[in-house]
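Residues take their numbers from the sequence shown, with the count starting at 1. In this text, all values refer to a predicted model and were calculated from it rather than measured experimentally.
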Amino acid sequence: MPLSDQSRILHHRLVPRIVALHRALSRLQTVVSFMNSGAHPDDEISDMLAALGVRDGIDISYACSTRGDGGQNDIGTESGAALGVLRTAEMERAADVLNLRLYWLGQSADDPIRDFGFSKSGEETLQHWGRDRTLRRFVEIVRTERPDILCPTFLDVPGQHGHHRAMTAAARDVVALAADPSFETGHAPWQIAKLYLPAWSGAGQAYDDDLPPPPKTLTVLGGRDPITGFSYDQIGQQSRAFHLTQAMGRWVPPGETRDWPLHLAQSHVAGPDEDLSSGLPATLADLGLRDAQARFDAARTAFPDFAVIQAETAAGLALLQAATPAPEHAHKVNRKIAQAAEVIQMAAGVDAHIATSTDIMTPGDITTLSMALDTTGAEVETKVTLPDGWHFDGETLHPENAAPSPAMPDTYLPDAPTAPFVTLTMSTGDVVSQTHRPFETPPLVLPSQRAALDPVTEIVNLRTPRRSLSLTLRTLSPATANPTLTLPNGWIAARNEVGFEITLPNDEAVGRYQIPLTLDGQPAQTAQIIRHPHIPPRALTEPAEMSVHVIDCAIPSAKIGYIGGGNDRVDHWLACAGFDITALDDEQITPAGLAEFDAVVIGIFAIKFRPGLADAMPILHEWTAAGGTFLTLYHRPWDNWDPDTTPPKRIEIGQPSLRWRVTDQAATVTHLTDHPLLSHPNNITERDWRGWDKERGLYFAKSWDDVYTPLLSMADPDEAPLTGALLTAEIGKGRHSHCALILHHQIAHGVPGAYRLMANLLAPR
């Protein structure tokens with residue numbers, strides 16, 4: 001639904017007019033542009049970009065390779081492409097705070113440039129992405145944005161994430177390729193003047209740079225914004241706080257500031273490099289537009305006199321509109337024209353609020369457009385610009401033949417919104433200024449032929465008698481469409497009032513089976529609506545099909561309790577496979593509540609996200625010692641995991657995590673002992689380690705009490721084996737096992753071996 005009044009009020013108070021005007025004026029002081037590059041949403045150097053953009057007025061942009069779809073999710077269960085859509089929206093909101101122009105190398109959910117999982121090698125990453133594809137798209141972005149300066153966030157050194165290393169290595173090549181006329185992309189060549197590298201280490205909880213950073217050649221100074229009083233570190237964190245899926249946003253105490261040392265790696269301009277603008281045309285005066293720059297400087301000096309600001313900026317705008325800049329400078333002048341228009345209308349007090357009566361639509365629907373204008377007496381003309389296939393009759397919007405809304409736009413420019421938007425045109429004397437205002441929440445257009453399938457994924461365990469599946473079709477569009485399924489050989493589907501009843505053969509082979517849906521003979525689509533309070537809604541559109549994973553897994557004779565943190569669906573998937581499992585609320589984590597269970601699982605991150613769970617661990621330890629089977633799935637060291645008090649006996653999780661994970665999902669797994677957990681009730685063999693997705697595991701244990709026995713050994717290529725993936729110990733009459741394999745991810749993807757191993761870990765002693 002559209003924003004509530006309360007949400008509008010909260011949004012409205014974040015950037016008062018005086019603050020927005022000061023930041024807009026700042027952009028008129030320089031024509032220098034700076035592009036940051038990284039591999040994931042949240043890789044941007046937010047605090048430094050805040051200083052460059054808010055204080056120095058530099059045009060800032062960010063080139064990001066992936067949508068972060070292979071990462072973790074601290075706020076929900078979205079994963080894969082859905083997580084990529086969510087993180088794309090988060091990145092856009094983060095960009096709004098900084099007025100950061102945003103470009104993506106990966107242009108869609110199925111683009112080979114994607115977050116395929118953790119990598120330790122830049123070369124391996126570029127093989128996954130496709131070196132030529134990566135360089136070509138990066139060059140397209142550079143030639144479109146035309147930055148003077150390029151600066152990757154991380155260093156290309158061992159111990160750093162391979163995705164980061166790939167983007168830094170690519171940056172070096174892109175400087176040359178973007179300027180090379182023989183490298184054709186359909187865009188004019190562009191010479192990046194300077195390539196900087198960070199002169200600080202990227203090591204931390206996740207990474208561990210093997211080599212020291214390069215020597216600094218200059219320093220971008222920090223400080224404090226004179227209007228808001230916020231430090232640039234604080235403004236950067238106001239942006240980063242939108243990366244909620246990654247638990248970003250760090251409180252910066254008053255008085256804490258930092259500087260950013262940089263290393264000049266390449267330069268294509270003459271002279272000493274004393275600051276970022278050295279050797280570059282820094283102002284409009286350096287482009288031969290001295291009088292226009294003088295007017296803009298006068299407007300900045302006049303702050304906060306709105307009338308003088310409006311008049312001086314309008315005079316400068318008139319000079320730019322009449323100018324004929326050199327072709328290599330035209331983009332800089334055009335950017336200043338757009339920025340001057342923003343200043344003029346802000347100074348004049350022009351404001352607009354544009355909203356629709358609904359935010360989810362299908363072709364053929366109608367929504368009312370409301371446009372509230374505050375012109376403070378100025379004459380302002382409005383014009384609505386819509387995407388292709390839309391119609392506006394002056395009051396209502398009709399997406400008659402509109403395509404579905406893109407889930408992952410490849411470009412986002414806060415100062416130049418894509419349709420739909422409203423253009424405001426006003427005159428200051430003879431000077432005409434135009435700005436483009438986005439809708440409060442652009443309405444989502446869903447596919448015209450679609451259905452919501454429930455469930456989208458099913459598990460059939462050959463060790464259970466269930467061979468019948470219920471598929472419910474929701475939100476059928478059009479409502480009168482005739483649905484049909486394309487079934488594997490030997491499968492039967494019977495239509496019922498809500499969907500289909502599907503029956504499998506009794507002897508179906510283990511594997512994955514796809515069942516696509518058609519509506520009136522045409523392939524149907526499904527639209528997953530992704531809603532969270534900090535982002536506008538997005539829709540991930542995919543083919544409408546049901547996945548059925550057939551597995552062969554002996555089920556433990558155990559009543560299982562599940563303590564989740566909201567970041568996985570382990571209890572759901574195990575129930576689908578026939579496990580007797582119950583999600584436990586806080587009131588059940590008591591001696592009496594646990595007494596009815598044979599086994600208890602704590603899901604990923606749960607000790608962080610379940611308030612009070614850390615304090616309840618002694619209860620679980622006592623229950624375990626009395627004969628319970630206790631399983632903890634992987635946790636990060638910062639997830640309230642205390643090595644001495646969280647597990648029954650000491651287990652230390654290794655960090656930085658790069659050193660304590662195996663990213664190769666096909667890495668050879670060696671059984672270190674003939675332990676019953678590897679043989680009962682399922683005999684775990686080499687076949688159970690086949691077909692794993694993404695990686696083997698992460699956040700492996702680094703050290704542990706002698707009571708624990710490590711069961712597995714595995715390693716990434718050219719690395720020493722790690723043995724902290726699966727530990728088990730007898731605790732009194734019971735057993736505790738800690739598993740850092742990503743079992744929650746594997747069972748969601750129907751990997752048979754993951755179910756079989758999980759069954760063994762939950763089987764009573």
Side-chain angles (χ1 to χ4, degrees), residues 2-3 8 11-12 14-15 17 20-21 23-28 33 53 57 59-61 89 91-93 95-103 144-146 310 313-314 316-318 320-321 330-356 359 367 369-376 378-392 394 397 399 402 405-406 409-428 431-445 536:
L3 292 181
R8 287 185 177 126
H11 281 74
H12 190 239
L14 292 179
V15 186
R17 175 189 175 196
L21 178 59
R23 292 184 180 181
L25 277 167
S26 178
R27 299 181 197 109
L28 299 182
S33 55
D59 288 332
I60 54 176
S61 58
M91 184 69 245
E92 291 179 4
R93 297 289 74 75
D96 284 339
V97 175
L98 303 177
N99 197 49
L100 179 68
R101 297 164 66 84
L102 177 60
Y103 298 88
T144 298
E145 177 64 15
R146 297 189 153 204
Q310 182 180 351
T313 306
L317 176 59
L320 292 188
Q321 289 172 335
H331 68 288
K332 294 179 178 290
V333 173
N334 289 337
R335 188 76 55 79
K336 295 306 140 185
I337 288 173
Q339 292 168 352
E342 286 283 355
V343 169
I344 291 167
Q345 295 191 12
M346 282 185 195
V350 173
D351 195 11
H353 177 264
I354 305 139
T356 55
D359 58 3
T367 186
L369 180 68
S370 65
M371 194 180 329
L373 291 178
D374 182 357
T375 65
T376 63
E379 293 187 7
V380 178
E381 298 179 1
T382 62
K383 178 184 177 182
V384 178
T385 298
L386 298 172
D388 292 341
W390 286 68
H391 173 68
F392 180 53
L397 293 171
S405 300
D410 64 10
T411 304
Y412 180 76
L413 310 177
D415 54 355
T418 56
F421 60 82
V422 173
T423 300
L424 306 183
T425 303
M426 67 169 284
S427 297
T428 303
V431 182
V432 177
S433 61
Q434 283 191 335
T435 62
H436 306 300
R437 307 297 177 94
F439 286 22
E440 173 187 77
T441 302
L444 283 178
V445 179

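- Using a 4.5 Å heavy-atom cutoff, the side chains of Arg23 and Asn99 are not in contact.
- Considering every non-hydrogen atom in both Ala341 and Ser433, the closest pair reads CB-CB, 3.8 Å.
- The side chain to side chain contact (heavy atoms under 4.5 Å, CB included) test with Asp351 is passed by exactly one of Met346, Arg437, Gln345: Arg437.
- Residues satisfying the side chain to side chain contact (heavy atoms under 4.5 Å, CB included) criterion with Leu386, sequence neighbours excluded, are Val384, Trp390, Phe392, Leu397, Pro420.
- The shortest side-chain heavy-atom distance between Arg8 and His353 falls under the 4.5 Å cut-off.
- Of the possible donor and acceptor atoms, one in the side chain of Gln321 sits under 3.5 Å from a partner among the backbone N and O of Val432.
- Under the 4.5 Å side-chain criterion, counting only non-hydrogen atoms from C-beta, Arg93 is in contact with Pro536.
- What you find for Lys336 and Gly57 is that their closest heavy atoms are NZ-O, 4.5 Å.
- Checking side-chain atoms of Arg17 against main-chain N and O of Ala347 turns up a donor-acceptor pair under 3.5 Å.
- Put simply, the residue from Leu424, Leu373, Thr435 that forms a side chain to side chain contact (heavy atoms under 4.5 Å, CB included) with Val350 is Leu424.
- Arg335 is listed as a side-chain neighbour of Asp415, based on a closest heavy-atom distance under 4.5 Å.
- No donor-acceptor pair closer than 3.5 Å links the side chain of Thr313 to the backbone N or O of Ala340.
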**Asked** Given Leu413 and Leu102, is the side chain to side chain contact (heavy atoms under 4.5 Å, CB included) satisfied, shown in steps?
**Response** CA-CA 6 Å; Leu413 310 177; Leu102 177 60; over 6 Å; no
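- You'll find the side chain of Met91 reaches within 4.5 Å of the side chain of Leu100, heavy atoms only.
- Shown here for Val445 and Pro399, the closest heavy-atom pair between the two residues is CG2-CB, 4.1 Å.
- In this structure, CD in Gln339 is found 11.0 Å from CG in Asn334, a value given to the nearest 0.5 Å.
- Side chains of Val422 and Phe439 form a contact here, defined as non-hydrogen atoms less than 4.5 Å apart.
- Heavy-atom contacts from other residues, nucleotides or ligands closer than 6.0 Å to NE2 of His391 number more than 12.
- Two residues are said to be in side-chain contact when any heavy atoms from C-beta on lie closer than 4.5 Å; Ile337 and Leu317 meet this criterion.
- Side-chain contact between Lys383 and Thr425 is absent, with no heavy-atom pair separated by less than 4.5 Å.
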**Item:** Step-by-step side chain to side chain contact (heavy atoms under 4.5 Å, CB included) determination, Tyr412 to Asp96
**Value:** CA-CA 10 Å; Tyr412 180 76; Asp96 284 339; 2.6 Å; yes
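- The number of heavy-atom neighbours closer than 6.0 Å to CD of Glu381, taken from other residues, nucleotides and ligands shown, is 12 or below.
- Ser33 places no side-chain N or O within 3.5 Å of a backbone atom of Asp59 that could act as its donor or acceptor partner.
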